[in-house]
Amino acid sequence: MEKREDKQEEEQEQVVNPWEVTAKDGGKIDYDKLIDKFGCQRLEEPLVDRVQRLTGRPAHVFLRRGVFFAHRDFDEILNGYEKGKKFYLYTGRGPSSEALHLGHLVPFMFTKYLQDAFKVPLVIQLTDDEKCMWKNLSVEECQRLARENAKDIIACGFDVTKTFIFSDFDYVGGSFYKNMVRIAKCVTYNKVVGIFGFSGEDHIGKVSFPPIQAAPSFPSSFPHLFSGKDDLRCLIPCAIDQDPYFRMTRDVAPRLGYHKPSLIESSFFPALQGETGKMSASDPNSAIYVTDSAKVIKNKINKYAFSGGQDSIEKHRELGANLEVDIPVKYLSFFLEDDAELEHIKTEYGAGRMLTGEVKKRLADVLTELVDRHRAARAAVTEEMVDAFMAVRPLPNMFD
Amino acid sequence: MGFTKEQLLARLKELGIKFEQYDHPAVLTVEAQAKYVGDKGGGLSKNLFLKDKKSRFYIVSALADTKVDLKVLSQRLGLGKGGIRMAPEEALGQLLQVPLGCVTPFALINESARYVSLLLDKEFKTQPHCFFHPLSNETSISVQASDLDKFLKSIGREPSYVDLEANPPVGKDQPPDLAILVPSGTIDIPDAPENSTSSQAVSEKSIPVQKKCTPASVKSAKPSSADPNAKDKPNNAAPQPNAFVESRLFVDEILKKTTELLLSEISTLTEDVAKQEALAKSVRKHLAPDLQNLTVMFKNTAYTQGFYAGSNCQPKRL
């Protein structure tokens, strides 16, 4: 991670950390460079095949299409799994807003697949304290947002008998806090400044937050779930901008006698206006939200989705579309399950035989189906269900 | 597509059921059948396909000599007097998937006959063997009653033997003795004219293909009374929240989605096996994500209720 001293170099390089993601010169994120810089590994096809073999079912769309493209020690997890050693999943969300868009759902959709395919338990951390510290929000508001977000997360289809959702404000304490302190003791002030770019003006809440995100990587943080299972490995599906937290955690783990957590990382979900655009809560047209109706989705795609098609039909038929920058095709590669159909669309559209309108219509159909399904599931989530997911309770069937 | 004679006979062989097979020209009546197999000993069967006022269907299979009084039967089933009559021809093809004159207990092997109730003459048990049509008018097979039972059990049916000539009084203090044989589900058959059997011709050999699909891989083929001209896209209305609370509504939700999709695909159905497989695959592909979501939500709701109950549990009173 770049150090603040190198500010000049930083301006010219791409910036990727938990709070900022910008490409170089307003271009696209260079993922190869990112992998190099971070020091993680590419998730190659043999690994995807291995997952398919071990789980006995087709690999998830996100794996097949390279959405989840990098990892750390994922092969270690698979080695253990082959020998019958289980693991648990850890993912999380910073509940900063009530409105969730498709980009937010991506890691959860993938985590659900992992839970089903490998039959392993999952802990989900809602970092309401982090949002309280970084955004101008009150404690109570953050807690409320955490619960609201929990409902959308539950609607993704997690199994209550294998899932523990917790908010930091509720859960920090006991064994979890003990691990936080153990972790904190291993990381110097200079180190966090180096990793996260804190300055003398940042309040001490921020500085002491990283151990909170690190602690769930260790099974002893959850005595009600994993008591006696100190050997259990942890797999963390997340977006690649979270890598810094877990680089720090992996550094600390051996010193505490714990396994290093493994990671499986995704690329960024592009904004409707294109890879260079920013998905921001202040611009509702930069993303498709889970509350959008079919009409709104269709409208947003038609009006705002950046097209790689040519300006005129004649030119388009001659030159074909620019698939590199075309957003509808990008979105389809995330959400269109049928590999053959996607290939067909790419070929035809790239050759200019298919028009932008057609591609956008297909995308609208796919997304509407997804959003409708999510909304229906969301409507079935009650306050009692949230309570059940968030209760500190044992999960006796978590490996079934 | 309904089972063929060959498929049925193969199944009987698989089950280890001994039968004698007699092929003859097509017959529509017991008298005609008697001309060919009447001298083989054993009992010829007469088979009636009946329907009550609530569209519930019954096969009554009896020895040719047994007197069957429909009025009495109707009362014994608890349907009142005159509550039962012969089923219309369309129903024969739709539910039993056999041609005219070919009603037989073996027709229950078809999924479409799931809700058809079977009444067997207890006199069958007095015969060394009895004759039935194995889904074709051009063949009769003789089987022992015990082997017929074996077959029925293999398709998930409990054989019900009835004294068909009995006439017990039915009144306030004497409940109808055959009431339990009334099927629990009603069956609606679309009245579209193109669905009626046209097998008036005696020479028609094969079972007419009806505009109804029963791919074996689809679990429920409960005919629905939805409009046969249903639009292509299945209705994606959100299930009522109660669907996750009550299991009957939950299953209804599943069946509703299944039949909607089936009906919308019927228009593309042909006899082509490849097409049928593609249909079944399409059903699975489209239904799987929705059903999975529904199932997970059902499980979560059930757990939540249990959890709530557990956490609000009062200590035992002493």
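Atoms considered below: every heavy atom in the structure, side chains included; atoms not considered: hydrogens, waters and symmetry mates. Just so it is clear: chains get the letters A, B, ... in the order the sequence lines come, proteins before strands, and each one is counted from 1.
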A:D116 versus chain B, heavy atoms under 4.5 Å apart: side chain, backbone, both or neither?
neither
Answer yes or no: is there an ion pair linking B:R157 with B:D149, defined by an N-O contact shorter than 4.0 Å?
no
Below 6.0 angstrom between ring centroids: does that apply to A:F269 and A:F335?
yes
Test applied, side-chain contact (heavy atoms from CB on, under 4.5 Å); reference residue, B:L79; option that passes from B:K54, B:R56, B:K53:
B:R56
Salt-bridge present (A:D159, A:K112; N to O < 4.0 Å):
no
Any residue of residues 53-62 of chain A which, by heavy atoms, sits under 4.5 Å from chain B:
none
Under 4.5 Å from any heavy atom of chain B - which part of A:R375
neither
Taking 4.0 angstrom as the limit, do A:E358 and A:R362 come out as a salt bridge?
no
Please determine whether a side-chain nitrogen of the Lys or Arg among A:E98 and A:K151 lies less than 4.0 Å from a carboxylate oxygen of the Asp or Glu.
no
Per ring-ring contact (aromatic ring centres under 6.0 Å, His included), A:F176 is matched among A:F226, A:Y171, A:F164 by A:Y171
Measuring heavy-atom distances to chain B, does A:F158 have an atom under 4.5 Å in its side chain, in its backbone, in both, or in neither?
backbone
